[in-house]
Amino acid sequence: MNCQEVVRWLTDYLDGELDATLLETLEAHLRDCDDCRIVVDTTRKTIELYCRCEPLPLPPGVRERLDAALARRLSQRGA
Amino acid sequence: MPTHLENETELVAEARAGSAEAFTTLVNQYDRNIYRLALNITGNPEDAEDVLQETFLKAYTNLGRFEGHSRFYTWLVRIGVNESLMKLRRRHADRWVSLDAPVETDEQETLPREVEDWGENPEQQYARRELADILAEELRKLDPAFRTVIVLRDMENFSTEETAALLNLSVPAVKSRLLRARLKIRERLNKYFKRG
Ligand SMILES: [Zn+2]
């Protein structure tokens with residue numbers, strides 16, 4: 001496997017979806033190629049950063065305006 | 001993906017029967033996630049707020065049609081994604097490229113140009129808020145076709161199959177966008193996290 005092929009299978013590799021044969025050849029390449037190892041490692045970290053990122057609190061006023069919009073709709077339903 | 005409320009099925013049933021309190025509990029559980037999703041897809045705070053309101057108003061109006069085959073949150077996200085894409089389309093009507101248009105894959109372009117190693121614990125280099133801003137800002141610089149797959153797959157943790165269903169794309173199309181999106185983002189994040 002060459003570097004270009006490693007990149008082609010990167011998403012399947014990181015998502016754990018490679019079959020055993022491909023997995024073995026890909027990991028053999030990673031043992032010998034610093035560049036690919038770094039790309040794999042930093043892409044994994046990228047995914048982890050996004051995945052662990054909790055949503056921030058809503059900006060000021062957003063929840064109040066949402067509540068008001070919902071209250072208008074909820075009161076219509078009762079009418 | 002947010003934690004799901006243990007009594008979600010009961011809350012949905014109560015909300016369907018007309019309980020405003022039950023519906024409000026559901027809204028408060030998921031509003032931050034829906035807002036973030038909308039902001040990351042539309043890239044515009046005003047649009048994100050509209051999407052947030054529309055999503056919950058539509059959910060309330062259509063609760064009777066929610067059949068419980070999927071999680072309530074997945075159903076909300078479907079509404080939120082559709083609303084966000086409509087906003088995006090309206091705002092960029094002049095240069096709108098359909099999300100399901102095939103993305104030409106240029107292997108050369110996909111190959112990483114800058115290979116730089118990062119420090120051990122990138123998230124510890126920045127305060128939580130600062131990190132969230134960096135991630136959101138770099139995401140927003142991506143083409144909508146790429147950032148929507150990152151939002152659903154990596155931020156909200158839907159599976160590749162679920163992401164494909166939410167965007168009406170094929171699984172191979174999601175995979176090819178995801179690969180390019182992840183590589184582009186990785187390259188853009190180099191400047192914040194590289195060693196030294
Ligand atoms: Zn290599």
Side-chain angles (χ1 to χ4, degrees), chain A residues 1-19 22 26 29-30 33-79, chain B residues 2 18 20 23-24 27-28 31-37 45 48-49 52-54 56-57 60-61 107-108 110-112 115-118 121-123 128-129 131-136 139 150-151 153-157 159-160 175-176 178-183 185-190 193-194:
Chain A
M1 191 177 282
N2 61 31
C3 299
Q4 196 154 330
E5 285 169 304
V6 169
V7 168
R8 186 185 305 151
W9 294 111
L10 185 63
T11 271
D12 287 306
Y13 175 61
L14 292 174
D15 291 342
E17 289 169 7
L18 273 194
D19 67 51
L22 272 171
L26 190 143
H29 179 99
L30 293 185
C33 178
D34 283 343
D35 277 3
C36 282
R37 204 164 49 232
I38 290 170
V39 169
V40 166
D41 188 47
T42 52
T43 307
R44 181 184 285 124
K45 283 179 180 159
T46 299
I47 297 168
E48 285 169 1
L49 285 172
Y50 278 96
C51 171
R52 290 191 198 139
C53 179
E54 294 279 321
L56 295 167
L58 294 174
V62 170
R63 174 162 284 152
E64 289 73 12
R65 291 190 290 273
L66 172 64
D67 287 346
L70 286 170
R72 279 196 298 277
R73 181 67 57 91
L74 291 161
S75 67
Q76 282 166 11
R77 178 159 162 167
Chain B
F23 190 70
T24 307
V27 171
N28 289 336
D31 53 4
R32 292 184 314 155
N33 279 77
I34 296 295
Y35 180 80
R36 179 176 73 168
L37 174 118
E49 184 168 350
L52 176 72
Q53 292 189 8
E54 275 307 307
F56 285 109
L57 288 172
Y60 186 73
T61 309
E107 299 244 319
Q108 261 345 96
T110 309
L111 270 183
V115 179
E116 284 187 272
D117 206 359
W118 295 3
N121 297 299
E123 58 264 89
R128 181 169 165 262
R129 167 127 228 162
L131 181 64
D133 287 344
I134 290 171
L135 296 176
L139 191 59
I150 294 270
V151 169
R153 185 71 184 80
D154 293 339
M155 293 187 96
E156 294 295 331
N157 291 311
S159 68
T160 304
K175 280 190 179 183
S176 102
L178 194 58
L179 172 63
R180 289 177 60 185
R182 284 169 168 176
L183 287 168
I185 284 268
R186 181 203 72 87
E187 206 149 271
R188 286 169 192 274
L189 293 181
N190 268 343
F193 301 118
K194 69 185 172 197

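From a predicted model like this one, the values you see are computed outputs, not experimental measurements. Each chain gets a letter, A, B and so on, in the order the sequences are listed, and its residues count up from 1.
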(message) Need one label for E17(A): side chain, backbone, both or neither, based on atoms under 4.5 Å from any heavy atom in chain B.
(response) side chain

(request) Name the region of S159(B), side chain, backbone, both or neither, that has any atom closer than 4.5 Å to a heavy atom of chain A. (result) neither

(message) Less than 3.5 Å apart, any donor N or O on the side chain of T42(A) or R186(B) sitting next to an acceptor on the other?
(response) yes

(message) If I measure from the heavy atoms of chain A, does V151(B) come under 4.5 Å with its side chain, its backbone, both, or neither?
(response) neither

(message) Less than 4.5 Å apart, side chain to side chain, heavy atoms only: is that true for T46(A) and L183(B)?
(response) no

(request) Count the heavy-atom pairs under 4.5 Å between each of V6(A), L10(A), L56(A), D41(A) and chain B, then report the option with the highest count. (result) L56(A)

(request) Tell me, for E116(B) versus chain A, whether the close heavy atoms (under 4.5 Å) come from the side chain, the backbone, both or neither. (result) backbone

(message) What part of D12(A) gets within 4.5 angstrom of chain B, counting heavy atoms only: side chain, backbone, both, or neither?
(response) side chain

(request) Name the region of N28(B), side chain, backbone, both or neither, that has any atom closer than 4.5 Å to a heavy atom of chain A. (result) both

(request) Under 4.5 Å heavy-atom distance to chain A, tell me which part of L57(B) shows up: side chain, backbone, both or neither. (result) both

(message) Donor-acceptor pair, distance only, cut-off 3.5 Å: does the side chain of Y13(A) make one with the backbone of L18(A)?
(response) no

Name each donor-acceptor pair under 3.5 Å that joins a side chain in residues 57-67 of chain A to protein atoms two or more places apart or in another chain, with its distance.
unit_1	atom_1	unit_2	atom_2	d
R63(A)	NE	D31(B)	OD2	2.9
R63(A)	NH2	D31(B)	OD1	2.8
R63(A)	NH2	D31(B)	OD2	2.5
E64(A)	OE1	G61(A)	N	3.3
R65(A)	NE	E49(B)	OE2	2.5
R65(A)	NH2	E49(B)	OE1	3.0
R65(A)	NH2	E49(B)	OE2	3.3

(request) Identify the heavy atoms of V7(A) and L179(B) that sit nearest to each other, and give their distance. (result) O-CD1, 3.3 Å

(request) Could you have a look at A69(A), C53(A), A71(A) and say which one has the most heavy-atom pairs with chain B under 4.5 angstrom? (result) C53(A)

(request) Heavy-atom distances under 4.5 Å only: say whether R32(B) touches chain A with side chain, backbone, both or neither. (result) both

(request) Would you please name every residue forming a side chain to side chain contact (heavy atoms under 4.5 Å, CB included) with A20(B), sequence neighbours left out? (result) L74(A)

(request) Take the angle between the ring planes of F23(B) and F56(B) and call it parallel below 30°, perpendicular above 60°, tilted in between. (result) perpendicular

(request) Please flag which part of L131(B) lies under 4.5 Å from any non-hydrogen atom of chain A: side chain, backbone, both or neither. (result) side chain

(request) Rounded to the nearest 0.5 Å, what's the gap from CG on L26(A) to CZ on R8(A)? Could you check? (result) 12.0 Å

